[in-house]
Asks: 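The structure follows.
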Amino acid sequence: MIVNGKYYVAPPTDDPDIKELLRRLAAAGAGRDVDAEGLPPGPWTPEQLAGAISQIGKNRSGIELRTVQLWFQDNQKGISAQNIRWLARIFGCGDTHATSEWQVALSAAQSRTTSKRREKRAASPTPETVVDRENRQTPDAINDVETPRGEAKNLALITDELFKGPSLTLPIIVWVCCGTLWFVAYAVGTHDITYRVSDSFPKQVGFFWSPSWIIGEMILLPMVLMSVSDTLKSWTGPSRNSLLSAINSSPQSWGRRLVEHSLAFKLILVVCTVGIFFLQWAGVYLLPLLDGETDSSMIDWLLVAIKRPDVISTPAAIMVSFLAFLYSGLLYWLYFSSLLLLYVVVSDFSDIVALRSYRELATVSDYEIGEHILLSLFRCAALGSLIALTIKVNAAYLLTDAATITKWFVHDAQYALGWHEEPWRFIHDDASPFFTSFLLLVLTCSVFMICAKRLLKSFVAADITGAYNALMRRQLSSTLIKMACVLGVLALGFGSAGRFYGFSIVVCISVVTGLWSLSWKPRISAEDAYGD
């Protein structure tokens, strides 16, 4: 029977439980659109059913894919009353009377399932296990990641779950660690400390004067983490389900896609632990502090113990530097993991779009999902470039004869404009302190370019841009050009830092441009794309 253009199946006359009833309806394709012969295109898959439920107008929160997957599995999970309501609308084909009948039939099947479980528990009174308690906590298990068997402790899955927690969880971890470092720096006296470069002037190298630690790691990095967290939750929830609902094949699950990148997640952990934390701490700080001298031309708030042993002792400096670089390794792990998660999201999006074989299946919704991913990717690239800029500016300042970093910027701008007669100078001309920030900038921009290129190919392959009016095509081109220009300006600001007189003006312009670009929002909605 066809109702409202969909394949309608009447409620059964026997008394199946909820699992059996759902399997019958899924196999029959009940509630799916019919073809020219009045038949559904095939059975429901968990992905398609989750997408259909998420697209119900009154269902604003959508549904997690993992929840629907559990319905199809042989387990103790039931279906909540709210989700029975959505299933009744699907199987009722939008007809009020049919939906009401299915609401009764599904509720009765759920009640029979609950009664059978109670009778089974009463007949075999065994001690309750942890699994039993979890099975009876809620009718639905809310978890959008399908964990492959044997991969419960996989680093990729653990990282994914960490980022998909509340959006402020990771920033709070960063702020707590940084706040602890603030307190330690204040306690040992290196929060505001100077040393004499020569007999002529003192140089401020205190922790509170370091833009890389204060601005880059306490403000900019948490913004990256919040953006990636929101994007990840949106993609693995309603966005991915929406795309899956329009295809008949079942692509690789999100959990298995993550596991495919397990080696990359492990390499990031090793690099951040061994390279950024241990080797950098041991080579740049531990050995010089033990020797009481350093070949480094960059004296900061940790190495200042060599110049000012009256303020901070060598053992205290070693302890603080250990904590500081342990914290720094954690932050770099979070940042690089963020970039990798965004790359996995882009790969997943591209592969799902590539499964579509018909031009009419590409919708404005697809474009909006892809554009949301692209904007998130760009914001992270812009913020990452600003983080690299703060690291380089801080390193360049430590090599100059300026008394403070603010006086250095003011002096540079005044000399470039002809308002100051004496130029600032480098104490040492050493490019090695800029290597880390340069690698960070290159890696960030490379990930953005690779992902942006793959998204663009997906748009063209699925004809998402070509299927609609020229306004959408112009919007995509304009967006990509603006993003490239902003990243170019940020790269120019990075390259100019400390390289010529007047660099401070270029750096300020690049910072303002980068911060302004973070407010960009899509200007075209689905209504604009379809036209008036």
Side-chain angles (χ1 to χ4, degrees), residues 1-14 16 18-65 67-69 71-72 79-110 140 237-250 352 355-369 467-468 525-527 529-532:
M1 183 185 299
I2 301 175
V3 176
N4 294 329
K6 299 180 182 295
Y7 186 69
Y8 177 74
V9 175
T13 56
D14 56 350
I18 193 67
K19 294 283 188 177
E20 175 63 25
L21 180 56
L22 185 61
R23 280 194 285 267
R24 293 183 191 176
L25 294 169
R32 297 198 66 180
D33 294 330
V34 297
D35 56 21
E37 298 178 356
L39 298 174
W44 285 107
T45 65
E47 292 83 2
Q48 293 163 350
L49 186 57
I53 294 174
S54 297
Q55 290 179 344
I56 295 176
K58 294 183 179 180
N59 185 10
R60 298 181 180 179
S61 60
I63 191 171
E64 305 291 352
L65 173 59
T67 300
V68 181
Q69 290 173 335
W71 295 346
F72 285 79
I79 302 177
S80 66
Q82 182 63 49
N83 286 329
I84 284 178
R85 177 189 174 192
W86 304 133
L87 287 174
R89 292 173 66 92
I90 296 292
F91 299 140
C93 302
D95 180 78
T96 304
H97 179 70
T99 298
S100 177
E101 288 185 341
W102 269 114
Q103 178 88 24
V104 173
L106 290 168
S107 298
Q110 175 63 34
D140 293 320
S239 296
R240 193 173 194 268
N241 291 340
S242 176
L243 290 178
L244 291 173
S245 65
I247 60 177
N248 291 323
S249 58
S250 297
I352 291 176
L355 292 175
R356 299 193 163 187
S357 57
Y358 298 101
R359 178 172 179 173
E360 63 270 20
L361 290 177
T363 66
V364 177
S365 174
D366 299 353
Y367 173 84
E368 292 173 341
I369 292 171
Y468 302 102
S525 63
E527 289 77 11
Y530 281 122
D532 296 331

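Keep in mind it's a predicted model, so treat the numbers as computed, not measured. We use all heavy atoms of the structure for the numbers below, so side chains are in, but hydrogens, waters and symmetry mates are not.
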Asks: My understanding is that only residues two or more places apart in sequence, or in another chain, count here; which of them pass side-chain contact (heavy atoms from CB on, under 4.5 Å) with A26?
Replies: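 Partners of A26 by the side-chain contact (heavy atoms from CB on, under 4.5 Å) criterion, ordered by chain and then number, come out as W44, F72.
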Asks: Can you name the side-chain hydrogen bond (donor to acceptor under 3.5 Å, both in side chains) partners of R24, sequence neighbours left out?
Replies: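 By the side-chain hydrogen bond (donor to acceptor under 3.5 Å, both in side chains) rule, R24 matches D14, E20.
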Asks: Under 4.5 Å between any side-chain heavy atoms of T99 and F91, yes or no?
Replies: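 Of all side-chain heavy-atom pairs linking F91 with T99, none is under 4.5 Å.
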Asks: Sequence neighbours excluded and cut-off under 3.5 Å, please list the side-chain donor-acceptor pairs for residues 3-10, or say none.
Replies:
unit_1: N4; atom_1: ND2; unit_2: C93; atom_2: O; d: 2.9
unit_1: K6; atom_1: NZ; unit_2: D33; atom_2: OD1; d: 2.8

Asks: Just wondering, do L87 and L49 contact through their side chains at under 4.5 Å, heavy atoms?
Replies: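 L49 vs L87: side chains touch.
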Asks: Where do A109 and P16 come nearest, in terms of heavy atoms and distance?
Replies: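 Scanning both residues completely, I find the closest heavy atoms to be CB-O, 3.6 Å.
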Asks: To the nearest 0.5 Å, what is the distance between CG on D95 and CZ on R89?
Replies: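 Result: 11.5 Å between the selected atoms.
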Asks: Of all the heavy-atom pairs spanning N83 and T67, show the shortest one and how long it is.
Replies: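 Closest heavy-atom pair between N83 and T67: ND2-CG2, 4.2 Å.
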Asks: Tell me, do L39 and V34 make a side-chain contact under 4.5 Å, heavy atoms counted?
Replies: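 No, every pair of side-chain atoms sits at 4.5 Å or beyond.
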Asks: For P12 versus L21, what's the shortest heavy-atom pair and its separation?
Replies: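 Between these two residues, the closest heavy atoms are CG-CD1, 3.6 Å.
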Asks: Do the side chains of I79 and W71 get nearer than 4.5 Å, heavy atoms only?
Replies: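 Yes. Closest side-chain heavy atoms under 4.5 Å.
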Asks: Measuring from atom OG1 of T45 to atom CD of Q69, what distance do you get when rounded to the nearest 0.5 angstrom?
Replies: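 It comes to 9.5 Å.
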Asks: How would you list, by chain and number, every residue that makes a side-chain contact (heavy atoms from CB on, under 4.5 Å) with S107, sequence neighbours excluded?
Replies: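 So S107 forms a side-chain contact (heavy atoms from CB on, under 4.5 Å) with I84, Q103.
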Asks: D35: what forms a side-chain hydrogen bond (donor to acceptor under 3.5 Å, both in side chains) with it, not counting sequence neighbours?
Replies: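 Partners of D35 under the side-chain hydrogen bond (donor to acceptor under 3.5 Å, both in side chains) test: none.
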Asks: Using modelled atom types only, decide if a donor and an acceptor are shared between the side chain of R32 and the backbone of P43 within a distance under 3.5 Å.
Replies: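 Confirmed, R32 side chain pairs with P43 backbone.
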Asks: Identify the heavy atoms of P11 and A105 that sit nearest to each other, and give their distance.
Replies: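 Minimum heavy-atom contact is CB-CB, 3.9 Å.
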